[in-house]
Amino acid sequence: MIVLVGCLLSLAGAEAQDGAFVGNLPPAEALATAGSNGAKFFTSYTLNGGHVAAGVGWRNLGSGRIRIAGIPSGALVEQAFLYWAVLNPTATASLARGRFEGQTIRGTSVGTCAEPCWGGGATRVYRADVTEFVTGNGTYRLRGFASGLRTGESPWSSNRALPYAEGATLVVIYRHATAPVRTIVLFEGCSLFYGSTRVAFKLSGFVADPVRDARVTVVVADGQSTAGTEQEVLQFNGTTIAGPSPSPWNGSDGPQPLWDTGTYTVTSLTRGGAKLVRIASGGATTSGNDCLVFVAAVFAVTARDTDGDGLVDAWERDGYDHDGNGTVDIDLPALGAKVRKKDVFLEIDYMASDNHSHRPKPEAIALVRQGFRNAPVANPDGTTGITLHVAVGNSLAHQRDLDMWAGFDTIKASRFREDRRPIFHYVIFAHNMKDMGSTSGLSRGIPGRDLVVSLGGWTNQTGTIQEQAGTLMHELGHNIGLRHGGDNHTNYKPNYLSVMNYAFQTRGLIKDGVEGNFDYSRFVNRTLDERSLAESAGIRRAGNPTNYGTRYTDAGCTRRATAVIRPIDWDGDGGIDASNVSVNVNDCEAGVVHRGYDDWQNLTLDGRALGMSSPNAIRGDLGAGPHPLAELDREADSKIPLVAPARLSIAANALGLGVDEVTWQPVGLEIVTHYNVYVEDKGFMWLMDSVPADSRKELELSGGYRWLGVFGRSYAVTAVDHYGNESALTQGVVGGR
Ligand SMILES: [Ca+2]
Ligand SMILES: [Ca+2]
Ligand SMILES: [Ca+2]
Ligand SMILES: [Ca+2]
Ligand SMILES: [Zn+2]
Ligand SMILES: [Zn+2]
C-alpha cells in the first residue's frame, strides 16, 4: 500500500518488534547485519539441476493458481516449497493452513514482522513442503488459505476483513541428468522495508566456481503498480538489476496485486570463486518506496562436484564456509572428505534414560561403515567404495514415543547445527515412534536427509548390534534413494539381495553360508516370473557370484532360507523339479514378475530432498504404497527364518572309539540362542543335545562349535533364535558308514 502519514505513525510502534529495519537510509553494510535476521539460511542443494519459481497474488481471495514452467523435459522434482504471507494481529492455526492440489498442507512459520501499512497487525510468513504434490511443469491449484474476504475485490475497496492474504510462491528444485551441477541456496524471513529504508541481505552457502550461470529469485509481498511514484530497485552485488521503471515490486504475479516473484540472471555480476553475494532493495530515490515485505530469496549458481557426492569440490578441498565470511565452519578435509572420492556424512543423536541408552553401538556403526567401504562404486581417484563419516553427537532426553515428524523437528532445531544442513544426514536413535508400534525406523522421504532408528521394542530395548546396523543402513538406504525392492517397493523379493529387503534388514545378507553381511545389492539377479520358476537356475544370472543365499516363501507359504543362489526348491517339495513351478515366492504375495536391482550403481548421494510435510510421503509414490510409514517391526522380523548352520563336519571316532567330533560354522547372528544336535536312528532324527550359542563366536565367526557324538553315525544340526524359530537341518553322515 502507498505510504500514508497514518501508516508511518503506526510503523513507528511496529519498529520495536522487528530489528531488521531502521528509519533512515543507512549504509548497505550496516543493514546487511541487521538484515541477516530477516533472511535466514534455510537449506541448500547441490545437484545436476536447477530451480524455477512462480507466484500468485491473492488479497481477498486466499486461493488461486500457480503456473510452473521452465523445468526441462525429463527432469525429476527434487523438492518443492510453498511460501505464503498473510497479515493478521495474532498467529492462528488457520493462517498456517491451506489446500494444495486438494491436499491439506500445514506450514511452518519462517518469520513475523511489521505489516506493510494496512493496519493488519503483523506480517506472517509460512513455508510448507509440497514436494509430494508437485510433479513438474503445470498449473497447481491452491485453495482455502486464510483470507477475511474471498470476493476478489480490490485491496483498496472500503470493504475489508482480516486476515489480509498477500500471496504465495512455489519454488521447485529439479534434478536433470544433463543439467550442470548447481548449488541452490534458499533464504527466507520477514522484513518490512518502506519509505527511505531498504533491505540488504547476504546470501552464502555456495562456491561460485565455475560461473557458467547464476540466477537469483526474490519474493516480495505487498508490491503495487505506482506509476510515477515510489519506484523501487533491486540490486545484486551493488548493481541495479531491476527497476526503477517498472518497479520489480509492482504486484505483477496477479491476478490480485501485492505479490511479486522475480527471477533474474546475474551471471556477469557473480565473481568466480565467490562464497557470498548481496541483494538489496529499496526506493530508487530518497522519495521512498511502497511498504513492502521481503519473504524469500533463492540463489542458484553452477558448481563443481567431481565425485558426485553432493559436496562441492571447494568444500572438500578447503572446508565449508557456511556464512561466506572467510572462516571455515566445517573443516571437511580434516574430517577426511576427499574431492575425488565419495563421502557421506551422518550425525547421530540418541536418547538415553536411567536404565538404557540408545547410543548406537560402535560395532553397529563399524558394520555399516564397512558396507560402504566395500561398495563396488568407482571413484574418480581410482578407488572403489564410499567413505561413511559418522559423528555420534548429543545424548537426548528419553521419550517413550517420538512424535513424527514434529517431535523430531523440535530436537533437530536445537541439536543440529545450521551449517551442517547442507552436508550431514541427521539421525536420531530413539526409543519408539508415536503410534507406530515396534517399527524399527523411518526415513523422511526417498531420497532424504533425516532418519530415525527406533528399536525400543526390540532386543534389550536397544536392538542387537545387527539390528542397529541393519536398520541404520536400511533407513540410510531410503535417504539415498533406495526402496524395498530397489527401484520399487515390492518387498521380500528373493532375487533382491539387499538390506533394503526386509528379509535381510536385521540379519544382513547370507554369504558363504553365514548371515550378518550388511550390504546393499551389488548385482542384478535373474528375473523371476512367479508363474514359471526354474528351480535349477535359482536366482543366479550368468556371471554373478555363487556364494550368496536368499529367503523366499514356498508353495505352502512357508518361509525358507537357503545358503545357495541355485538350485532353489521354490515349491518346497524337497526336490529340485525338472519342470518349472509356479510359486508366490515373495512373502506369499500373488504372482508377478520380480526383477533384480543393483543398488550401489543407483544411489542418489547429491541433492537429497529435505524431508516431507507428510510422514507418509515418498516422492513420486504417493498412493502407491506400501509407504515406509510401516517399516519392519518386531512381529514381521520374528517370522524371518534362520539359515541352517554351515560346514557341518564329522570326524568319526576322533575322540575315542565310538565318539565322533561334530563341528559346524556359527550362523553369525546375535539372536541365535542355541544349536540343536540330532542323531539319526531307525529313520528318525533324535534330538540329542542343545548347545548354547557363544555370542562372541557368532559375531566373529571364528572357529566352529564342537559336540561330542556318542552313538550316532548320521548327524544333523539346527540353529534356534530368540524368537524360538529353528532353522532347517544341516545333515551329515560319518564317512565310511
Ligand atoms: Ca564432491
Ligand atoms: Ca564462516
Ligand atoms: Ca568426496
Ligand atoms: Ca521343488
Ligand atoms: Zn528407550
Ligand atoms: Zn524401509
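For clarity, every value in this text was computed on a predicted model and none was experimentally measured. In listed order, ligands and their atoms are each counted from 1.
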Derivation of the salt bridge (Lys or Arg N to Asp or Glu O under 4.0 Å) call for Asp587 and Arg551: CA-CA 9 Å; Asp587 205 31; Arg551 291 193 169 86; over 6 Å; no
Pair Asp343 + Lys338: basic N to acidic O under 4.0 Å: no
Vertex the Zn ion (ligand 5), rays to NE2 in His356 and NE2 in His398 - rounded to 10°: 110°
Centroid-centroid under 6.0 Å between Phe372 and Tyr520 rings: yes
Near the Ca ion (ligand 4) (under 3.0 Å) - protein N, O or S atoms: Glu535 OE1, Glu535 OE2, Asp569 OD1, Asp571 OD1, Asp573 OD1, Gly575 O, Asp577 OD1
Electrostatic pair Asp450-Lys412, nearest N-O below 4.0 angstrom: yes
Cation-pi geometry met for Arg559 and Tyr492 (6.0 Å, 45°): yes
Minimum-distance atom from the Zn ion (ligand 5) among N, O or S atoms of His431: ND1
Residues Asp323, Lys275: salt bridge by 4.0 Å N-O rule: no
Between Arg449 and Thr43, a side-chain donor and acceptor under 3.5 Å: yes
Parallel, tilted or perpendicular: rings of Phe345 and His389 (30°, 60°): parallel
Closest heavy-atom pair and its distance - Tyr552, Asp569: OH-O, 2.9 Å
Sub-4.5 Å side-chain heavy-atom contact between Phe504 and Glu515: no
Every N, O or S from the protein that is nearer than 3.0 Å to the Ca ion (ligand 3): Asp307 OD2, Asp309 OD2, Glu316 OE1, Glu316 OE2, Lys338 O, Lys341 O, Asp343 OD2
